[in-house]
2 protein chains.
Amino acid sequence: MNGGLGPNSYAQNSSFQRGVVEVAKEKINEAVANHFDINTLLGSLNPVCVADLGCSTGPNTFISVQNIIEAIELKYISKGGNTETPKFMVFFNDQLSNDFNTLFISLPPNRQYFAAGVPGSFYGRLFPKASLHFIHSSYALQWLSNVPKEVMDEGSPAWNKGGIFYTNAPKEVEEAHATQFAKDMESFLIARAQELVIGGLLALFIPAVPDNMSKSDIFGGSELDLLGSCLMDMAKAGLTSEAKVDAFNLPGYFTSPKELKALIERNQHFNVEGMEILNSQKKYVSLRNPSMCSLFLRAALEGVIAKYFGNDIMDELFNRYTEKVAESSFLLNPDADKSIVLFVLLKKNN
Amino acid sequence: MNGGLGPNSYAQNSSFQRGVVEVAKEKINEAVANHFDINTLLGSLNPVCVADLGCSTGPNTFISVQNIIEAIELKYISKGGNTETPKFMVFFNDQLSNDFNTLFISLPPNRQYFAAGVPGSFYGRLFPKASLHFIHSSYALQWLSNVPKEVMDEGSPAWNKGGIFYTNAPKEVEEAHATQFAKDMESFLIARAQELVIGGLLALFIPAVPDNMSKSDIFGGSELDLLGSCLMDMAKAGLTSEAKVDAFNLPGYFTSPKELKALIERNQHFNVEGMEILNSQKKYVSLRNPSMCSLFLRAALEGVIAKYFGNDIMDELFNRYTEKVAESSFLLNPDADKSIVLFVLLKKNN
């Protein structure tokens, strides 16, 4: 994600993800009200420890965390807890390359919790055993731990020549991404099962696609195909090389409800308390014009693309992308967006 | 402190402080061996939670933390603890303006502990109640929470006209700094008493001056007086204004053993397990030439000075400072350095 607070930053261009956060508030409230075991958890350990994994630089993470805290406080009061409400410690996690300086400067000054930043991949262990009561992650698990090797290997049937994502590529490319997603989800759940106390909750919001959808219908994929075509155009214009584009791939994957359910059920340490498709606002209703579409994608992806292709061509790339969006039918047809957001609530059982 | 890893960064110019860290290793080993109550602490809570307050960007903080962890592991093994050594969670704290991105990137990749960054002033609460076993702070408590107001007030007898520190100023200026130090130390100890478990240790390394020393003999102060005179020269040359220099003061104070002991004894929650003057290497033996003296000071102070005077004049300021050091007798007379480092070991009693 783009750090800082400038015009291309994630902090200034994450209103779509915030739409998800707002829809999510109700889900968090229900999750805590119906599934957070307040007597057991508070009896054993004070403060209540909450983590947001893949927090980026804010402000969405602060809204999510505030929702979680208010829901737990409300439940505590409704259960007739004594007058002193519980104290909270919140851990904000993202990759080492995240702009934690911006995150910290943006922390709400009147927050009623202790705050810490935890750098590192959430596909590995981040916290001590049984140290967290509530883990939250929103719009982060669609990122793979890395691009599958075979996708960048010229000798492999999964080589993604000319593309930067799996959506407009041979089926082997998609399979390689799916395999990586399965491995990553397994690692993620193993780590979280260690970190949660028994009875602790894991609430996940994951962008996905409906079951049985052809990958050419994946809207988010179409955006990335369009961005890939801009890179290929730039290679033809001599601004980068085709070989470089061939060897580049975005480490992302959109799972489906069935696929995710099967992966979760492989882990024996969680009970599935809920899994549903959210009625979120559609992305291109909130992103009203080509420039906003481009800023949205740039805030999320510039870091990983610039690291590979260099900062010099980023303005050119996203200007070209803005033009292609304007020429495409994306904005004319809001129904083209078939993407969904899955909400999954898991409880650590033993 | 200067962030990043460049030639003027704290990370590249903290070898003197590291000298203190190396001398400190023995003190930490003794402190843990003789005073860390391993059975009580580990029985009640796992992992062992350690905090370093005023950590800056590394690498010294990583050396300190490693010393603490190894000392605790050693004690655990020597007490016949079971084969599984304790797990550690380490919290790295510094002010909000610290460069946490550089700190995180510099974390030892093979560390055997969970790491988190905690932004905020250590003169307030940073951690939940009874959540830490060992708190460490090295070369940080000489910084006040803020410059005493009266020092910058033209109408006050404590107005520090023409100076940037109290060492070459009316006695009221020093008194104002001493009063602020006393308030800050009180706040610091109140917060730490809340955060430590009963039996937990607080190990402090504090730059100071010997008892009953005239403030004109304070070596660290002479450096700052010299820097102040560079600023006044620059004001006369029109590069900044005298009024601006008049209204600027560094928020620092060098306490003495007697003064510190009295302040600590005001707090009823700690037993003083040890307090001594360290035999550390002298600063200007390790800083061998005027450029290194200048880099040392620049790494520590540029942030706070540039914030006030602007980045534009920093090169000029520290070039002038290098010249003045070359002309002065600082380097010719290592005995001129009367500064000391105090080691204080406190145990939370109730």
Side-chain angles (χ1 to χ4, degrees), chain A residues 1 3-4 42 44-53 55 57-58 84 86-122 124-133 191 194-195 197 303, chain B residues 1 3-4 42 44-53 55 57-58 84 86-122 124-133 191 194-195 197 303:
Chain A
M1 300 299 158
L42 295 184
S44 64
L45 196 55
N46 203 358
V48 181
C49 292
V50 175
D52 186 34
L53 308 186
C55 64
T57 53
E84 203 185 338
K87 298 287 182 284
F88 292 86
M89 174 105 197
V90 179
F91 296 94
F92 295 92
N93 155 263
D94 210 314
Q95 293 187 81
L96 199 51
S97 59
N98 187 51
D99 185 353
F100 282 93
N101 290 345
T102 296
L103 175 79
F104 287 165
I105 288 164
S106 311
L107 275 164
N110 298 321
R111 66 189 179 276
Q112 297 295 307
Y113 51 84
F114 298 104
V118 174
S121 166
F122 52 53
R125 278 288 295 279
L126 295 164
F127 302 96
K129 199 171 152 82
S131 63
L132 298 172
H133 299 95
Q194 291 282 310
E195 294 163 356
V197 299
Chain B
M1 301 298 159
L42 295 184
S44 63
L45 195 55
N46 204 356
V48 181
C49 292
V50 175
D52 186 33
L53 309 186
C55 65
T57 52
E84 203 186 337
K87 297 288 182 284
F88 292 86
M89 173 105 198
V90 179
F91 296 93
F92 295 93
N93 157 262
D94 210 314
Q95 294 187 80
L96 199 51
S97 58
N98 187 51
D99 185 353
F100 282 94
N101 289 345
T102 296
L103 176 79
F104 286 166
I105 288 165
S106 311
L107 276 165
N110 298 322
R111 65 189 179 277
Q112 298 294 306
Y113 51 84
F114 298 104
V118 175
S121 166
F122 52 51
R125 281 287 297 280
L126 295 164
F127 301 96
K129 200 171 152 78
S131 62
L132 298 173
H133 299 95
Q194 291 282 310
E195 294 162 357
V197 298

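Chain identifiers are assigned alphabetically (A, B, ...) following the order of the sequence lines, protein sequences preceding nucleic acid strands; residue numbering begins at 1 within each chain. The shown structure was predicted, so the numbers you read here are calculated from the model rather than taken from an experiment.
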Side chains of A/M89 and B/P128, heavy atoms from C-beta outward: is any pair under 4.5 Å? yes
Give the table of side-chain donor-acceptor pairs shorter than 3.5 Å for residues 100-111 of chain B, with sequence neighbours excluded, one pair per line with atom names and distance.
residue, atom, partner, partner atom, Å
B/N101, OD1, A/F100, N, 2.8
B/N101, OD1, A/N101, N, 3.2
B/N101, ND2, A/D99, OD1, 3.0
B/T102, OG1, B/G4, N, 3.2
B/T102, OG1, B/D99, OD1, 3.4
B/T102, OG1, B/D99, OD2, 2.6
B/S106, OG, B/T102, O, 2.6
B/R111, NH1, B/P108, O, 3.1

Any idea which of A/G120, A/G117, A/S97, A/A115 has the most non-hydrogen atom pairs under 4.5 angstrom with chain B? A/G117
State which residues pass side chain to side chain donor-acceptor pair (under 3.5 Å) with A/D52; sequence neighbours excluded, sorted by chain then number. A/T61, A/H136
Looking at B/Q194, I want to see if its CD is surrounded by more than 12 non-hydrogen atoms of other residues, nucleotides or ligands under 6.0 Å. yes
Heavy-atom proximity to chain B below 4.5 Å, by part of A/F91: side chain
Shortest non-hydrogen separation from A/V118 to B/A116 and the atoms involved: CG2-CB, 3.7 Å
